[in-house]
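See below for the structure under consideration.
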Amino acid sequence: MAARAWKTLLSLVLVGALMAFASWELGVGRKAGRLPDPPRPPTEAPPADPQEAMRDLGVVLVPEDTPPERARSYDWRVDGMEPARQQLAYGLGETMERGLEQAHRDYSVRLRYRAMGPERFTYVAPPGCGTDMRCIYAELMRSNAEPVRVLGERFATSIRERDLDAAQATELILGFVRRIRYELPGDEPFGIVPPGLVPAQDRGDCDSKAVLALMLLRQVGVDAVMLYSDALAHAAIGVGLPGTGTRIPFAGRAYQYAELTAEGWPLGMIPPQYDKPQLWRVLPLPDVQG
């Protein structure tokens, strides 16, 4: 009886050790949807004409008493919209910005994140997270819900005032996110900038910008999903709208591919190096309310 009890205990210890090792290995050597260089857009945006008619969406400050000089201004065009030129400014208070940065670092500590060099890191994935970044994205959506919600309300108001349809609302938001400067966030845990900081700091790579776009699109009622390819080291957005071009199937629907890293990519057009639909998957992410 004693020998049997010892063997049972030893088996449990070995199983526990193997499970712990497997969990740690989930994050080793992953690029987490990184894009080495932004693709060249198929069309070059013309320089802004100061005399051109423009739709000003206003200044979004979180919280409201944030000094206006902390806001970054964005100017972009939406073809087919009148006027085509759009403008919006967004800024976070210093305390809010530091808080979002600290929350991101604290989460990385809880997951025992460790950088292993350029675009390589390890972390202990929470239970049920699998081998992808879905839990990281979901946590960022939760912790950044309020500042992104305030930004989304400004878009929602403009969409209602102009009576824009879903396709126009999508192009309005995608144009804004594409306008944000592409940058690989090598100094950020998990290689991603939190979505509330992406427009506040005017920087983000493929999945940093994709998480922001996903939150904004869903807030205004557009059916959108997170597209992710570990094999291609890239991330994008899928939009549930009719149209031509590359579509990714999920849950009985087909989602148009939306590239976010640079301006000029029409909805449904995928950069040639990523045109491998079989290597893409949809990451199921929850809706988050601020």
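Please read these numbers as outputs of a predicted model, since none were measured by experiment.
Remark: aromatic rings of W265 and Y257 are distant, center separation not under 6.0 Å.
In this structure, K209 contributes its side chain and I180 its backbone to a donor-acceptor pair below 3.5 Å. Without hydrogens or angle criteria, R179 side chain to A262 main chain gives no donor-acceptor distance under 3.5 Å.
Q87 is not listed as a side-chain neighbour of R55, based on a closest heavy-atom distance of 4.5 Å or more. R218 places a side-chain heavy atom less than 4.5 Å from the side chain of M141. Inter-residue side-chain proximity for R281 and D132 is flagged as met; some heavy-atom pair is nearer than 4.5 Å. The shortest distance between side-chain heavy atoms of Q273 and H234 does not fall below 4.5 Å.
Counting all heavy atoms, side chain and backbone alike, H104 lies closest to I192 at NE2-O, 3.1 Å.
Under the 4.5 Å side-chain heavy-atom criterion for Ile, Leu, Val, Met, Phe, Trp and Tyr, Y74 and L217 are members of the same hydrophobic cluster. The hydrophobic cluster containing M54 does not contain L164, counting ILVMFWY residues as joined when their side-chain heavy atoms lie under 4.5 angstrom apart, directly or transitively.
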Determine, stepwise, if the pair Q201 / E97 fulfils side chain to side chain donor-acceptor pair (under 3.5 Å). CA-CA 9 Å; Q201 298 178 351; E97 188 166 341; 2.9 Å; yes
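We find the CD-CD distance between Q168 and E82 to be 11.5 Å, quoted to the nearest 0.5 Å.
Counted by atom type alone, S158 and R154 present zero donor-acceptor pairs between their side chains at under 3.5 Å. In this model, no donor atom of one side chain and acceptor atom of the other lie less than 3.5 Å apart for Y228 and D207.
When each of Y107, F190, Y123 is checked for a ring pair (Phe, Tyr, Trp, His ring centres under 6.0 Å) with Y113, only F190 meets the rule.
Applying the salt bridge (Lys or Arg N to Asp or Glu O under 4.0 Å) test to R72 and every residue at least two apart in sequence or in another chain returns nothing.
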For residues 241-255, which side-chain N or O atoms pair as donor and acceptor with protein atoms under 3.5 Å away, sequence neighbours left out?
unit_1: R247; atom_1: NH1; unit_2: L241; atom_2: O; d: 3.3
unit_1: R247; atom_1: NH1; unit_2: G243; atom_2: O; d: 3.1
unit_1: R247; atom_1: NH2; unit_2: L241; atom_2: O; d: 2.8
unit_1: R247; atom_1: NH2; unit_2: A254; atom_2: O; d: 2.9
unit_1: R253; atom_1: NH1; unit_2: D223; atom_2: OD2; d: 2.5
unit_1: R253; atom_1: NH2; unit_2: G240; atom_2: O; d: 3.3
unit_1: Y255; atom_1: OH; unit_2: D223; atom_2: OD1; d: 3.3
unit_1: Y255; atom_1: OH; unit_2: D223; atom_2: OD2; d: 3.0

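The pair R149-E146 counts as a salt bridge, with a side-chain nitrogen and a carboxylate oxygen less than 4.0 angstrom apart. A salt bridge is defined here as a Lys NZ or Arg NE, NH1 or NH2 lying under 4.0 Å from an Asp or Glu carboxylate O, and R203 with E188 meets this definition. Using a 4.0 Å cut-off between charged side-chain N and carboxylate O, E52 and R77 make a salt bridge.
Chaining together hydrophobic side chains whose heavy atoms lie under 4.5 Å apart places L61 alongside V59.
Enclosure of atom CD in E64 is not indicated, since only 12 or fewer non-hydrogen atoms of other residues, nucleotides or ligands lie within 6.0 angstrom.
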